[in-house]
Amino acid sequence: MSEDTAPTFSLEPSEDVRDVRDWAHGFAKDVIRPAGAEWDEREETPWPVIQEAAKIGLYSLDFFANQWLEPSGLGIPVAFEELYWGDPGIALSITGTGLAAVSVASNGTQDQLFEWVPQMFGTPDDVRLGAFCSSEPDAGSDVSAIKTRAVYDQAKDEWVLNGVKTWATNGGIADVHVIVASVEPELRSRGQASFIVPPNTPGLSQGQKFKKHGIRASHTAEVVLDDVRVPGSCLLGGKDKLDERLARAKEGKRSKGQAAMKTFEASRPSVGVMAVGTARAAYEYARDYSIQREQFGRPIGDNQGVAFLLADMATRIDAARLLVWRAAWMARNGKDFDNAEGSMSKLYASETATFVTQNALRILGGNGYTREYPVERWHRDATIFTIFEGASEIQKLIIGRTITGLPVR
């Protein structure tokens, strides 16, 4: 085989991806990280930071679309890692709209994509938000238990939504909400669909706003739906497609997947890289601290116990990043997750974030336990990655079922 025809393999991102990485890192270093402690204490949406991101184009439909469509699939993972390296709570406020946008892209028509996703981001002068609402008080990991109902009013060509959603990022303060609801409850998850609720629709209100352990700069709340009426055109994918899917389900035929799970599957590598960015921040801080901090006349990093711990942290972060990159590349290039590669990436990255942040705190000792140092905050923030968008146990269940072909319970 000649040198010209030899197959190539590279893990080096393209120049365009590297440029975006450096741009996002600069914003994370100069704007996000310095503001992290303040907005964590305030437990409020960091509107000034989101507006700064919008002004430079980092919070915009163009940015998210260009990175999502980047040919290698690494656009979103590389950019998100840098933002979450800055501060996970603020970064989630900047990227949270993306989940709602992904739900429209995964389940909606092209017309719906063009109509609603721009309204989720707004403009630099009129910043807006989107919210994806799936979880309920009695339906978290068990998506099939969703009770929010969507009833079709044929005379008016409207859908009427009633129910309560919980754990919704941007819930109640978003301009556009995407609601997963049950159309045919007896079909459980196969009888569900997603609906757009346009801005200022009567009947939608914010319920309880949660005071959280971590990611406190990100708004999380209940969303109450009381006879919310939306036009028939707000059913993602359209009624013909829904009727066909429901008919297949009633006949016992296989389905191509339900609305909420399609959204989560598409977003898993992105959530995994959020955890990678958080872990990297804590690792780098602990590494630098171990070089500068002296005890017994030498840097604490000179102790084998600390050095070995840092070695484990660095290795796990690299492994997690590679799993995320593989899953993102597969998703972008239309390759099925035949071995649950998306769940693998999310599982390993989230567990890595909790491992790394916990041990970074230990390396800092008493200092790590105070709010004078950011590691304490990152440790609190990291916990969420093992819980939301599919807890670690659910990811293991998915992986186990996929690799064995058995209905693991």
Side-chain angles (χ1 to χ4, degrees), residues 24-50 52-53 80-96 209-220 274-314 316-317 349-387:
H25 181 78
F27 185 80
K29 177 176 178 289
D30 297 335
V31 181
I32 294 179
R33 183 166 289 189
E38 175 188 352
W39 292 100
D40 176 73
E41 292 287 350
R42 292 175 64 166
E43 297 192 54
E44 297 174 358
T45 300
W47 286 108
V49 183
I50 299 174
E52 284 298 313
F80 276 23
E81 179 177 335
E82 301 307 322
L83 297 179
Y84 282 78
W85 171 91
D87 179 76
I90 292 178
L92 187 56
S93 287
I94 294 172
T95 64
K209 178 187 175 183
F210 295 104
K211 297 180 70 67
K212 305 188 300 293
H213 176 66
I215 55 166
R216 302 199 303 191
S218 173
H219 176 96
T220 309
M274 296 174 187
V276 171
T278 306
R280 192 184 111 212
Y283 157 71
E284 290 179 355
Y285 201 97
R287 178 199 62 198
D288 294 348
Y289 184 90
S290 75
I291 295 170
Q292 297 162 6
R293 172 72 166 171
E294 290 192 359
Q295 290 286 281
F296 304 106
R298 62 178 182 173
I300 62 171
D302 193 28
N303 292 298
Q304 194 177 84
V306 174
F308 280 15
L309 192 53
L310 289 167
D312 284 340
M313 293 158 72
R316 289 182 62 159
I317 290 168
S350 61
E351 293 295 334
T352 292
T354 58
F355 170 84
V356 170
T357 55
Q358 179 180 17
N359 285 294
L361 191 153
R362 292 174 64 192
I363 289 173
L364 268 68
N367 286 334
Y369 202 67
T370 72
R371 294 189 182 181
E372 299 300 315
Y373 291 78
V375 169
E376 172 272 339
R377 183 171 74 253
W378 297 332
H379 179 237
R380 287 187 285 109
D381 292 341
T383 306
I384 193 60
F385 299 118
T386 65
I387 299 172

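Values below: all heavy atoms of this structure, side chains included; hydrogens, waters and symmetry mates excluded. No experiment lies behind these values; they were computed from the predicted model shown.
Scanning all heavy atoms of the two residues, the minimum distance from Gly368 to Leu361 falls at O-CG, 3.5 Å. Residue Ile363 comes nearest to Ser290 through the heavy atom pair CG2-CB, 4.4 Å, listed as atom of the first residue, atom of the second, then distance. Residues Ala35 and Val49 approach most closely at CB-CG2, 4.3 Å, considering heavy atoms. In this structure, Ala382 and Thr278 approach most closely via the heavy-atom pair CB-CG2, 4.3 Å. Scanning all heavy atoms of the two residues, the minimum distance from His213 to Arg380 falls at O-NH1, 2.9 Å. Residues Ala91 and Leu83 come closest through the heavy atom pair CB-O, 3.5 Å.
Side-chain atoms of Arg33 never come within 3.5 Å of backbone atoms of Ala28 as a donor-acceptor pair (strictly under, hydrogens ignored). The closest donor-acceptor contact from the side chain of Ser93 to the backbone of Ala217 lies under 3.5 Å. Checking side-chain atoms of Lys212 against main-chain N and O of Ser218 turns up a donor-acceptor pair under 3.5 Å.
With rounding to the nearest 0.5 Å, the separation of OH in Tyr283 from OG1 in Thr352 is 13.5 Å. Within the model, atoms NE2 of His379 and CG of Asn359 stand 9.0 Å from one another, a figure rounded to the nearest 0.5 Å. Within the model, atoms CD of Glu376 and CG of Asp40 stand 7.0 Å from one another, a figure rounded to the nearest 0.5 Å. Taking OG1 of Thr45 as the start and CD1 of Ile94 as the end, the distance is 11.5 Å to the nearest 0.5 Å. Atom CD1 of Ile32 is separated from atom CD1 of Ile90 by 6.5 Å, given to the nearest 0.5 angstrom. How far CZ of Arg280 is from CH2 of Trp378: 10.5 Å, rounded to the nearest 0.5 Å.
A side-chain donor-acceptor contact under 3.5 Å links Thr95 and Tyr84. In summary, the side chains of Asn367 and Tyr289 do present a donor paired with an acceptor at a separation below 3.5 Å, with no hydrogens or angles considered.
The pair Arg377-Glu41 does not meet the salt-bridge criterion, since no charged nitrogen lies less than 4.0 angstrom from a carboxylate oxygen.
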Output a table of donor-acceptor pairs, distance under 3.5 Å, between side-chain atoms of residues 298-314 and any protein atom two or more places apart or on a different chain; print 'none' if there are none.
unit_1, atom_1, unit_2, atom_2, d
Arg298, NH2, Asn303, OD1, 2.6
Asn303, ND2, Ile300, O, 3.2

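Relative ring orientation between His25 and Trp85 is described as tilted, the plane-to-plane angle lying within the 30° to 60° band.
At least one side-chain heavy atom of Thr386 sits under 4.5 Å from a side-chain heavy atom of Glu351.
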Given side chain to side chain contact (heavy atoms under 4.5 Å, CB included), test Phe27 with Glu52 step by step and report yes or no.
CA-CA 9 Å; Phe27 185 80; Glu52 284 298 313; 4.1 Å; yes
